[in-house]
Amino acid sequence: MQFDHILIRYGEMALKGKNIKKFIIRLQENIQHKLKEYPNTKVKRTQGRMFVLLNGHDPEPIIDICKNIFGIQSLSLAIKAENDIDAIKDAALSALKSGEDVKRFKVSVKRIEKGFPMGSQAMNQELGGHLLSNTEGYTVDVHQPDLTIKVEIRSEGTYITSRVIPGLGGLPVGTSGKSLLLLSGGIDSPVAGYLAMKRGVQIEAIHFHSPPFTSERAKQKVLDLAESLTKYGSSIKIHIVPFTKLQQEIFREMPDGYAMTIMRRMMIRISEKVSEKESILSMTTGDNLGQVASQTMESMNAINEVTNYPILRPLITMDKQEIIEISHAINTYQTSILPHEDCCTIFVPKSPKTKPKRDKISQIESTKDFTNLIEEAVNEIEVVKITDKKQVAAFEDLL
Ligand code: ATP
Ligand code: MG
């Protein structure tokens with residue numbers, strides 16, 4: 001007998017009361033979407049659980065995909081047997097033999113279908129005895145087993161599972177609405193996007209570039225980072241904003257110490273316009289308290305003044321080391337450290353104010369009208385859609 005199902009457990013979602021149905025259906029859709037290259041697989045819901053029916057597929061690549069889907073707490077390979085003691089014995093034996101490095105095992109039976117003629121305790125003993133007498137070198141250890149063979153007797157059949165594989169947890173992407181991720185080429189913002197997705201947020205991205213000061217390769221780097229994030233969700237639309245003129249004007253016209261704060265305010269203003277157009281209700285950044293001049297409390301206060309949209313800052317209290325660890329885990333680190341220049345690293349004031357004041361900034365900004373340059377930047381946005389696997393095309397019809 002072979003494993004023919006993958007059992008999906010969805011932990012935290014069980015707490016969501018009335019909304020639970022919405023969360024579960026979204027999780028099912030997300031799993032189905034990720035398994036579209038395996039057309040014979042089916043994702044089924046039963047009470048409190050979900051199953052992927054393998055229909056002959058090798059389970060390993062499917063487990064690898066499911067391990068990266070938010071909302072899944074853990075998974076296990078499962079065999080579905082008929083509610084018949086001999087069939088259950090055969091399946092339990094296969095499950096035990098599939099375990100690696102197992103010497104001590106335990107059987108744990110749960111009888112959800114109360115009509116089944118044997119009680120759980122009697123079943124534990126019956127199955128344990130069967131496994132011992134049909135194998136060699138195993139012992140039963142109910143306290144510290146290497147492997148627990150779980151047997152769940154349900155009305156539609158009995159599921160036998162062994163190894164528990166941890167999932168990513170979190171909430172299914174799409175259940176918390178959309179956010180516009182300000183994606184630079186750095187280490188932080190892709191990690192921020194990943195963490196927002198973990199809370200069920202669907203991401204669109206916006207990137208500011210300043211050609212010819214920033215290169216095509218710098219832009220490609222950002223597209224590559226977005227592609228890495230699609231692994232945890234679905235396609236990502238990226239709005240690429242030509243920022244050169246606005247940036248040059250800021251650095252020409254505004255006092256050196258304030259240029260950086262004003263440039264950030266422009267980024268937020270443009271991001272808000274894009275959010276509005278796309279019906280997106282929040283922005284997400286890789287800001288990290290105290291890391292650089294633009295991320296002091298005073299800077300954030302001054303930058304945030306230009307929008308009343310919520311700004312999610314998932315990294316705000318993290319240590320750099322924690323952020324780097326996540327960037328390694330999600331495979332963005334190697335791309336992020338490529339030495340291509342970013343628009344913020346090219347136009348750098350010699351001594352940016354680390355404690356800008358709202359009033360002062362507003363007053364300085366008001367000496368120059370940036371409206372037309374902002375409009376122009378928004379009108380010239382290029383939209384690129386990155387699909388789960390590869391970048392398809394820039395498509396104007398989304399503008
Ligand atoms: P990152 O590693 O994400 O670049 P950082 O530590 O370099 O962050 P900053 O350069 O101060 O910090 O940027 C703070 C945040 O502003 C970034 O995390 C990102 O969300 C946003 N940001 C900065 N530059 C750009 C850009 N060129 N396009 C889009 N967003 C940007
Ligand atoms: Mg940066």
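Excluded from the calculations below are hydrogen atoms, water molecules and symmetry mates; all remaining heavy atoms, backbone and side chain alike, are included. Remember, it's 1-based here, ligands and their atoms both numbered in the order they're listed. Remember, it's a predicted structure, so these values are computed and weren't measured experimentally.
- Remark: ligand 1 atoms within the under-4.0 Å shell around heavy atoms of Met267 are 24 (N), 25 (C), 26 (C).
- At under 3.5 Å, not a single nitrogen or oxygen of Lys320, backbone or side chain, sits near a nitrogen or oxygen of ligand 1.
- In this structure, Tyr38 and His57 have perpendicular ring planes: the angle between them is above 60°, well past the 30° mark.
- At distances below 3.5 Å, at least one donor-acceptor pair connects side-chain atoms of Gln295 with backbone N or O atoms of Asn288.
- Of the N or O atoms in Arg264, one or more lie within a sub-3.5 Å distance of an N or O in ligand 1.
- Within a 6.0 Å radius of CG in Leu281, no more than 12 heavy atoms belonging to other residues, nucleotides or ligands are found.
- Short contacts between ligand 1 and Ser189, defined as distances under 4.0 Å to a heavy atom of the residue, involve ligand atoms 1 (P), 3 (O), 18 (O), 19 (C), 20 (O).
- With respect to Lys219 and Glu382, a salt bridge is recorded, a charged nitrogen being found less than 4.0 Å from a carboxylate O.
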Self-check item: Derivation and outcome, ring-ring contact (aromatic ring centres under 6.0 Å, His included), residues Phe51 and Tyr159
Solution: CA-CA 10 Å; Phe51 289 97; Tyr159 294 95; 4.1 Å; yes
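- Side chain of Thr296 to main chain of Thr354: a donor-acceptor pair is present (N/O by atom type, distance under 3.5 Å, no hydrogens or angles).
- Between Thr307 and the options Arg265, Arg269, Glu272, a side-chain hydrogen bond (donor to acceptor under 3.5 Å, both in side chains) holds for only Glu272.
- With distances taken over non-hydrogen atoms, the option nearest atom 15 (C) of ligand 1 out of Ile303, Asp287, Ile240 is Asp287.
- Within the listing of ligand 1, atoms 20 (O) sit less than 4.0 angstrom from a heavy atom of Thr285.
- Listed by number with element, the atoms of ligand 1 under 4.0 Å from a non-hydrogen atom of Gly186 are 1 (P), 2 (O), 4 (O).
- Taking every non-hydrogen atom of Ile187 and a distance limit under 4.0 Å, the qualifying atoms of ligand 1 come out as 2 (O).
- Here Lys178 does not pair with Glu278 in a salt bridge; the nearest charged N to carboxylate O distance is not below 4.0 Å.
- Close contacts of ligand 1 with Gly286, meaning ligand atoms under 4.0 Å from a residue heavy atom, involve 17 (C), 18 (O), 20 (O).
- Neither the backbone nor the side chain of Leu181 has any atom closer than 4.0 Å to an atom of ligand 1 (non-hydrogen atoms only).
- For the pair Pro190 and ligand 1, the shortest N or O to N or O distance does not fall below 3.5 Å.
- When each atom of ligand 1 is checked for a heavy atom of Ile206 under 4.0 Å away, the hits are 29 (C).
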